[in-house]
Amino acid sequence: MDEAQRKKLEATTRYDPSEVEGRIFSEWMEGGYFHPEAEGTAEENFSVAIPPPNVTGALHMGHALNGSMQDALVRMNRMRGRNSLWILGTDHAGIATQSVVEKELRKEGKSRHDLGREAFVERVWEWRAEYGSRIVEQYKRLGASCDYERERFTLDEGYVKAVHRVFKKLFDKGYIYRDNYMVNWDPGSHSAISDLEVENREVEDALYSIDYPVEDSDQVLTVATVRPETMLADTAVAVNPDDERYAELVGKHCVLPLVGRRVPIIADDHVDVEFGTGALKITPGHDPNDFEIGRKHGLQEIGVIGPDGRMTSDAGEFAGLTAAEAQKAVVEALRAEGRLRAEEPYVHSVPFSHRSGERIEPLISLQWFCRMDELARPAIEVVERDEVNITPPQWKRVYLDWMEEIRPWCISRQLWWGHRIPVWYCDACQETIVAEAAPERCGTCGGELRQEEDVLDTWFSSAIWPFATLGWPDDTPELRAFYPTSFLTTAREILFLWVARMIMTGLEFPGAVPFRDVYVHSVIQARDGRRMSKSLGTGIDPLEEIDVHGADALRFGLLAMSSTQDVRFSDAKVEQGRDLANKLWNASRLILLNAAAVEPAPRPTCVEDRWILSRLERTIASVTEKLETYDFAHAVQEAYSFFWRDLCDWYLEIVKPRLYDGEEEVSATLLYALERVLGLLHPTMPFVSEEIWSYHPAQRGHLAVHAFPAADESLFDDAAEADVEGGIGLTQRLRAWRDLAGVPAGATLPAVIDGVEPPGFVSRLSRFEFDGVGAEPVASIGPVRVLDSDQLDGAAVAERLEKRREELRAEVERGERKLGNEGFVAKAPVEVVEEERGKLERYRNELAELS
RNA sequence: GGGCGCGUAGCUCAGUGGGAGAGCGCUCGCUUCACACGCGAGAGGUCGCUGGUUCGAAACCAGCCGUGCCCACCA
């Protein structure tokens with residue numbers, strides 16, 4: 001510490017994160033600490049792949065929490081000397097990014113179709129060049145020690161190569177195929193989306209009952225539906241095979257009202273006898289269940305609603321109407337024909353697009369699919385065998401259940417922004433070519449080729465993130481040094497969407513699990529318990545919290561509030577973090593400005609020294625263990641409590657006289673403790689710990705690459721802990737007695753010791769002189785006999801005394817009752833009974849003294 | 001319909017069988033030479049309800065009530 005530093009330390013009584021954080025971060029970057037060489041093996045090294053945020057994204061609390069946890073472990077391992085890589089990058093986020101740019105175009109009065117595909121995609125790249133680094137910069141504000149030199153993007157050149165390789169391989173294995181199939185059509189993004197991008201919401205609709213006349217009879221079959229407009233595409237009516245009411249109708253036909261088409265009456269056990277009339281209209285073209293039934297029975301598939309959400313020409317007179325308009329018109333027409341039997345309100349759950357928010361239109365369309373069964377099997381096994389460990393453990397079951405039920409994945413999207421599917425068609429000879437790189441001409445007939453228009457689901461590329469970012473499919477040094485990665489932290493909502501798929505592709509391609517541990521972190525809710533969401537306006541901006549309280553405060557707060565359950569955002573916890581940073585700063589000022597010039601080392605000379613060293617080392621052991629097991633909430637709270645309570649409230653107060661005296665032993669011990677506390681806290685509070693470290697006499701380089709403390713068990717000392725904790729307890733009782741007896745805060749009271757001498761600090765911290773003479777004892781607190789003096793108010797003392805007697809009587813009564821219970825004495829463990837006896841005796845003795 | 005959580009001090013949350021805890025808030029006292037983002041001392045909980053297991057339950061079991069999330073093709 002030079003003179004300028006000393007002056008600054010003396011003058012700065014308040015830690016100011018805004019002055020520190022930018023400067024410290026630049027120093028880290030200049031040091032190149034976050035950019036490890038690709039050396040060694042994945043076994044020796046430590047690596048984490050960040051869940052890539054959307055390139056359109058802004059840092060939200062989920063990122064901030066997840067980032068704080070990853071950074072804590074990455075920093076801890078880096079400090080331990082392991083070659084540590086935290087790979088960072090962004091996801092091209094097909095629909096989200098395309099929408100942002102389309103919105104921009106709309107402001108200019110244009111659509112993407114005005115530009116054409118090529119120009120539009122060019123435009124999205126421009127957008128990305130301008131705005132795509134926002135979230136990366138925000139991770140820097142958080143202090144995340146990612147390797148910013150190895151930043152990746154899911155559409156960059158090498159990544160495209162990896163995606164094509166995966167597509168080709170899966171196609172060659174027969175997993176990827178093209179089919180006309182029922183998909184979730186999102187009219188908002190004009191694309192198919194996967195099951196996982198659909199959310200069901202409760203909606204109040206009307207349930208219509210419609211009479212379908214049975215051919216050559218005066219009977220009618222009444223069907224119930226919430227979507228009467230789809231009756232135009234009905235190709236059957238189904239009843240349950242066991243339903244006796246309709247047994248003789250099966251095999252006959254109905255005649256569709258309005259349409260006039262003959263449709264068969266079929267039997268299928270999907271039909272619920274109890275529901276409505278027990279007759280179900282079958283619309284294979286517009287309902288997922290009906291689609292399955294239709295395929296099973298070989299029914300015709302008619303589509304009356306098009307991709308634009310409007311009725312097609314097959315809808316006859318209703319063609320051109322939107323589905324909603326058609327619904328009204330069809331209902332009116334049915335009413336007019338007297339076919340509408342009933343209409344009643346009906347609440348049911350309806351699929352909506354998670355992407356655009358619009359109601360999903362189930363449609364049959366030509367899409368690319370990936371069969372999942374073969375990929376899922378090994379991914380199930382590695383989790384069953386705990387080769388991939390999921391914490392908290394209840395998520396293992398959830399993962400396995402979902403994987404057992406996995407269905408084909410619709411991987412094509414009707415978008416322009418994304419990985420264009422590497423498939424080419426020859427119109428001349430109808431050949432389909434799947435290739436990793438664009439072929440020149442058709443290999444069969446030499447004809448012109450036309451590339452598939454669709455792009456891949458964004459999650460298709462995210463699924464290979466842990467190895468594609470390391471250079472796969474090439475055999476790169478990075479891949480050898482950092483794959484498999486060490487662990488993954490994630491929000492539970494992407495357990496299926498992303499985590500499961502990474503495990504599947506990891507096993508299929510590099511041939512090893514992508515990570516050994518998956519930690520599913522808690523969800524931080526808004527202050528009022530609702531979800532944090534942009535649309536609800538309930539989001540809390542982490543950047544604002546960083547601006548106001550500092551990154552360390554936010555990191556501490558988020559970790560502290562993130563127990564395994566879901567938890568509401570707590571300003572108090574962030575403020576607790578802010579206060580801790582300030583307390584660290586000020587306690588460090590006390591030590592650094594007063595310590596003698598000595599080497600930091602444990603140099604205990606008395607019981608208090610042995611006590612604090614024991615507590616320090618035990619805290620290091622415990623906090624470390626909690627960090628390693630992803631118990632971040634308890635880790636930070638325990639570090640807080642050791643530092644604030646034990647070190648500041650007690651030890652620093654105890655040793656101040658020795659410190660001011662320039663005593664070398666206590667200086668060495670304090671500098672040692674400070675060095676270790678800074679190291680211990682650095683993974684969770686990197687900025688303030690790094691800043692303070694720059695003033696520490698042992699500082700030879702940055703704390704970010706200084707050794708993380710390993711607990712020194714030789715300093716554990718049960719006897720010293722017991723002695724000092726006894727002294728602390730006595731001090732607290734003495735202080736409480738003074739307060740309740742109305743003694744002025746500054747007064748020193750005379751007393752004598754009758755019994756075991758307490759540790760030396762008790763007298764000073766409680767402001768009692770233990771060598772008082774002459775006066776009568778008026779109170780007894782442990783071994784301390786308080787002597788009468790003119791600073792005491794007799795009435796208050798008497799009142800205090802009586803209160804204590806009351807407490808003791810209650811304690812004695814409690815003890816007697818417990819020990820009088822024969823069952824307790826006979827069945828409880830001996831040590832528990834002995835402890836009770838000891839306590840009872842102490843309370844009886846004290847009560848006797850006071851009477 | 002199935003699954004997983006949660007209900008502990010005014011608030012947000014710890015606490016998995018032996019005397020109810022933390023942070024914030026509140027009350028009282030401290031301009032004590034690191035820190036008022038501070039120091040000291042307090043007040044404040046029939047641990048959702050009802051049964052059960054146990055010498056002993058906030059904790060274990062059952063049921064109920066309340067609440068949140070995930071999954072699911074009953075029109």
Side-chain angles (χ1 to χ4, degrees), chain A residues 9-10 13-15 182 200 207-208 223-227 230 238 270-272 274-277 279-283 287-293 346 348-349 351 362 392 394-395 397-398 401-402 405 492-493 495-496 523 525 527 529-531 549 553 557 560-561 563-573 575-594 633-634 637 640-641 648-649 652-653 656 659-660 731-732 735-740 742 744-746 765-767 811 814-815 818 821-829 831-833 835-836 839:
Chain A
L9 201 53
E10 274 170 358
T13 59
R14 195 127 136 188
Y15 174 69
M182 172 71 57
N200 291 298
L207 183 67
Y208 299 93
V223 298
T225 180
V226 290
R227 302 207 59 196
T230 64
H270 172 261
V271 181
D272 181 357
E274 306 290 321
F275 191 94
T277 59
L280 174 64
K281 69 191 269 301
I282 302 296
T283 322
D287 182 279
N289 299 314
D290 295 4
F291 175 78
E292 305 233 330
I293 294 170
Y346 187 67
H348 64 145
S349 77
Q394 62 264 32
W395 296 105
R397 192 70 257 158
V398 175
D401 287 348
W402 185 79
E405 297 287 311
R492 76 187 61 132
E493 72 239 27
L495 195 58
F496 309 138
V523 172
Q525 301 163 329
R527 289 178 254 256
R530 287 189 293 170
R531 283 180 75 92
H549 300 304
M561 69 182 95
S563 48
T564 54
Q565 67 162 311
D566 297 349
V567 80
R568 298 177 186 205
F569 184 82
S570 161
D571 295 291
K573 284 283 191 292
E575 283 158 18
Q576 193 182 352
R578 175 204 61 189
D579 295 349
L580 175 58
N582 189 56
K583 188 82 173 173
L584 267 170
W585 173 255
N586 279 296
S588 301
R589 286 176 64 227
L590 173 68
I591 296 169
L592 295 169
L593 290 171
N594 293 287
H634 293 105
Q637 307 239 45
Y640 172 94
S641 151
C648 293
D649 287 353
L652 289 181
E653 293 304 328
K656 264 180 187 173
L659 180 62
Y660 290 141
T731 305
Q732 289 174 317
R735 284 169 171 172
W737 186 89
R738 298 172 55 110
D739 242 46
L740 290 167
L765 295 188
S766 60
R767 290 180 192 257
E811 293 292 359
R814 182 193 152 276
K818 195 150 193 179
N821 179 341
E822 282 174 33
F824 173 73
V825 179
K827 298 192 180 174
E831 56 275 18
V832 174
V833 177
E835 204 186 318
E836 279 303 323
K839 279 190 285 190

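Chain letters run A, B, ... following the sequence lines, proteins first, then strands; residues in each count from 1. A quick note: this is a predicted structure, and the numbers were derived from the prediction, not measured.
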Under 4.0 angstrom, heavy atoms only, what part of the nucleic acid is [X] near: base, sugar-phosphate, or nothing?
X	result
A:R227	nothing
A:A826	nothing
A:N821	sugar-phosphate
A:P744	nothing
A:R14	base
A:H270	base
A:Y15	nothing
A:K281	nothing
A:R578	base
A:V825	nothing
A:V567	sugar-phosphate
A:D649	sugar-phosphate
A:Q637	nothing

Nucleotide of [options] approaching [X] most closely (side-chain heavy atoms):
X	options	result
A:N586	B:C35, B:A72, B:A14	B:C35
A:D272	B:C55, B:C74, B:A14	B:C74
A:T13	B:A14, B:A72, B:C35	B:C35
A:A572	B:C13, B:C35, B:C24	B:C24
A:A736	B:G18, B:C13, B:A41	B:A41
A:R767	B:C37, B:U32, B:C73	B:U32
A:Q576	B:G23, B:C13, B:C39	B:G23
A:A828	B:G18, B:G5, B:C70	B:G18

Separation of [X] atom [atom1] from [N] atom [atom2], in whole Å?
X	N	atom1	atom2	answer
A:N582	B:C35	CG	P	10 Å
A:N594	B:C35	CG	P	11 Å
A:Y640	B:A14	OH	P	18 Å
A:D579	B:G25	CG	C1'	14 Å
A:K583	B:C24	NZ	C1'	17 Å
A:D571	B:C37	CG	P	17 Å
A:E274	B:G1	CD	C1'	15 Å
A:R527	B:G68	CZ	C1'	20 Å

Check: Relative to the ring of A:F496, is the ring of A:W402 parallel (under 30°), tilted (30 to 60°) or perpendicular (over 60°)?
Finding: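 Plane angle under 30°, so parallel.
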Looking at [atom1] of [X] and [atom2] of [Y], how far apart are the two atoms once the value is rounded to the nearest 0.5 Å?
X	Y	atom1	atom2	answer
A:L590	A:K656	CG	NZ	6.0 Å
A:E292	A:D287	CD	CG	10.0 Å
A:D649	A:K583	CG	NZ	5.5 Å
A:H270	A:N289	NE2	CG	4.0 Å
A:S641	A:L580	OG	CG	11.0 Å

Between [M] and [N] - [atom1] atom distance, rounded Å:
N	M	atom1	value
B:C65	B:A14	P	25 Å
B:G15	B:A20	C1'	9 Å
B:U53	B:U16	C1'	16 Å
B:C64	B:U12	P	27 Å
B:C24	B:A36	P	15 Å
B:G45	B:G25	C1'	16 Å
B:C4	B:A57	P	28 Å
B:C26	B:U32	C1'	25 Å

| request: Could you pick out which residue, A:A587 or A:K839, lies toward the 5' side of RNA chain B when each is mapped onto its nearest nucleotide? | output: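 Between the two, 5'-proximity favours A:K839.
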Which is more 5' along RNA chain B, the nucleotide nearest A:E836 or the one nearest A:L590? Just name the residue.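 Looking at RNA chain B, the more 5' nearest nucleotide goes with A:E836.
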Flag the pair A:D290 / A:M182 as yes when at least one side-chain heavy-atom distance between them is below 4.5 Å, and no otherwise.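 They are not in side-chain contact.
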### Task
Ignoring hydrogens and angles, answer whether the base of B:G40 and the side-chain atoms of A:R735 contain a donor-acceptor pair closer than 3.5 Å.
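Side chain to base: no pair below 3.5 Å.
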| Are any side-chain N or O atoms of A:R738 and backbone N or O atoms of A:R767, one a donor and one an acceptor, separated by less than 3.5 Å? |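 Yes.
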